[in-house]
Amino acid sequence: MCRLYYFYIYTEAYSSLTMRTNLIFLFLLLSLEAVAQQPDSAVSDRSRFYVGVSFSTVSHHIYYKNPKGAQDVTSGYFAPLSVNFGYQLNERASIQAGLAYGGSSDHNNWSPGSPDTLMYDSYSNTHVLAVPVTMRYVLFKVFRRFQLYGTGTVMPAFGTTKFKRIETRQDDISTVLNVRDAGMNAFVTAGLGLNYKISKRFSGLIEYHGFKYNLTGNNSFYYDWDQGFTGFLRISKSVGVGFNYSL
């Protein structure tokens, strides 16, 4: 039984490492393939650079090492809002880098049922800065203004969470504890998108991010509870929207 247990642990670790390696290799392969292609004349006639803003409803979770914060409130969660600067490699492929921000907060109070302590109040406040790097590749065009594309993003993110716990005892005597956690995780997401050309320079996009993976932290269905959603709730937690402006 012990040997089977250790074999299971080894297999899980090896599978996780293999998945991370394959994802990074696939992202680099797509990048090199896009760069190697010859530019199309339609792209050469206009500026290849563009700027844009985007928002994703995908909830990312930074796992802090040796966390000091209270465990009765959530921490490290964020959905990125980013400003992007991109480059059109050719008619089908583009690459962009962005600066993103996200955060969350939580509050919980409970009574331990002790004659000395009447109430615990716990607060958390998370702030995250991230640098998403995204590749897009047009699969085919729908009519003249629509483009269906595949997208993949690698995003390192640094987050901090401030915790405060107030212990209220008898006679309204309170004790306040303040701690702070900080850490970095790297995420990868992938999915499909639809781009709509609003005008000569403006375009809008909507994406479905069906795949999310934490490359350096944990991937827990218990703590990342939104990944267990099904149907419309799952779709609503996997959407990205944005606007781009060609320079």
Side-chain angles (χ1 to χ4, degrees), residues 20-40 43-44 46-62 76-103 126-139 147-160 182-198 201-217 238-247:
R20 298 180 188 184
T21 303
N22 290 340
L23 287 171
I24 295 174
F25 176 75
L26 179 60
F27 185 83
L28 292 175
L29 183 62
L30 289 174
S31 302
L32 291 174
E33 180 184 356
V35 172
Q37 295 186 19
Q38 294 296 323
D40 295 311
V43 179
S44 301
R46 65 177 186 269
S47 174
R48 294 173 176 270
F49 295 97
Y50 65 89
V51 293
V53 293
S54 61
F55 174 72
S56 174
T57 63
V58 178
S59 177
H60 297 77
H61 182 197
I62 295 179
Y77 290 90
F78 72 101
L81 171 66
S82 62
V83 177
N84 309 303
F85 185 78
Y87 182 74
Q88 193 75 33
L89 298 168
N90 51 56
E91 188 67 18
R92 289 185 176 271
S94 65
I95 186 170
Q96 71 179 36
L99 181 63
Y101 168 79
T126 297
H127 298 277
V128 178
L129 285 177
V131 182
V133 179
T134 300
M135 280 287 302
R136 294 191 178 99
Y137 188 83
V138 175
L139 302 175
Q147 292 180 338
L148 180 67
Y149 60 87
T151 180
T153 298
V154 175
M155 181 177 67
F158 176 78
T160 62
M184 176 178 287
N185 280 173
F187 304 89
V188 61
T189 57
L192 295 174
L194 189 65
N195 185 80
Y196 176 72
K197 187 176 181 181
I198 301 173
R201 292 184 179 272
F202 274 105
S203 62
L205 58 89
I206 183 169
E207 298 176 346
Y208 175 72
H209 301 147
F211 177 80
K212 180 187 76 172
Y213 192 79
N214 192 328
L215 293 171
T216 58
S238 305
V239 175
V241 294
F243 293 92
N244 291 328
Y245 177 80
S246 297
L247 300 178

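In this chain, residues are counted from 1 in sequence order.
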Is it true that a side-chain atom of Arg92 and a backbone atom of Tyr137 form a donor plus acceptor pair closer than 3.5 Å? no
Any donor and acceptor pair, going by atom type alone, linking the side chain of His60 with main-chain N or O of Val58 inside 3.5 Å? yes
Could you tell me the separation between the CG atom of Asn195 and the OG atom of Ser203, rounded to the nearest 0.5 Å? 4.5 Å
Checking Tyr87 now: which residues fulfil side chain to side chain donor-acceptor pair (under 3.5 Å) with it, not counting sequence neighbours? none
Would you say the side chain of Phe78 lies within less than 4.5 Å of the side chain of His61, judging by non-hydrogen atoms? no
Thr134 vs Asn84, test: side chain to side chain donor-acceptor pair (under 3.5 Å). Steps then yes/no. CA-CA 10 Å; Thr134 300; Asn84 309 303; over 6 Å; no
Is there a donor-acceptor contact under 3.5 Å from the side chain of Thr189 to the main chain of Lys212? no
Looking at Ala79 and Phe55, what are the two nearest heavy atoms and their distance? O-CE1, 3.9 Å
Within the side chain of Thr216, is there an N or O that forms a donor-acceptor pair under 3.5 Å with the backbone of Ala186? yes
Could you check whether any side-chain heavy atom of Ile95 comes within less than 4.5 Å of a side-chain heavy atom of Leu89, counting everything from C-beta outward? yes
To the nearest 0.5 Å, how far apart are CD in Gln96 and OH in Tyr50? 4.0 Å
Mind checking whether Pro132 and Phe187 have side chains closer than 4.5 Å, heavy atoms only? no
Whether Thr126 side chain and Gly76 backbone form a donor-acceptor pair below 3.5 Å: yes
Interatomic spacing from OG in Ser94 to CG in Asn244 - rounded to 0.5 Å: 8.0 Å
How long is the span from the CG atom in Leu215 to the CG atom in Asn185, to the nearest 0.5 Å? 9.0 Å
Straight-line distance of Leu192 CG to Ile206 CD1, nearest 0.5 Å: 12.0 Å
Please report the closest heavy-atom contact between Ser56 and His209, naming both atoms and the distance. OG-ND1, 3.5 Å
Close side-chain approach of Ser246 and Ser47, heavy atoms under 4.5 Å: no
Can you run down the salt bridge (Lys or Arg N to Asp or Glu O under 4.0 Å) pairs that involve residues 127-137, sequence neighbours left out, and say none if there aren't any? Arg136-Glu207
So, for Ala157 and Val128, which heavy atoms are closest and what is the spacing to 0.1 Å? CB-CG1, 3.9 Å
Non-neighbouring partners of Val51 that pass side-chain contact (heavy atoms from CB on, under 4.5 Å), sequence neighbours left out: Phe85, Tyr245, Leu247
More than 12 heavy atoms of other residues, nucleotides or ligands under 6.0 Å from OH of Tyr101: yes or no? yes
Does a side-chain heavy-atom distance below 4.5 Å link Tyr149 with Leu194? no
Looking only at heavy atoms, the pair that brings Pro80 and Ala100 closest together is CB-CB, 3.9 Å
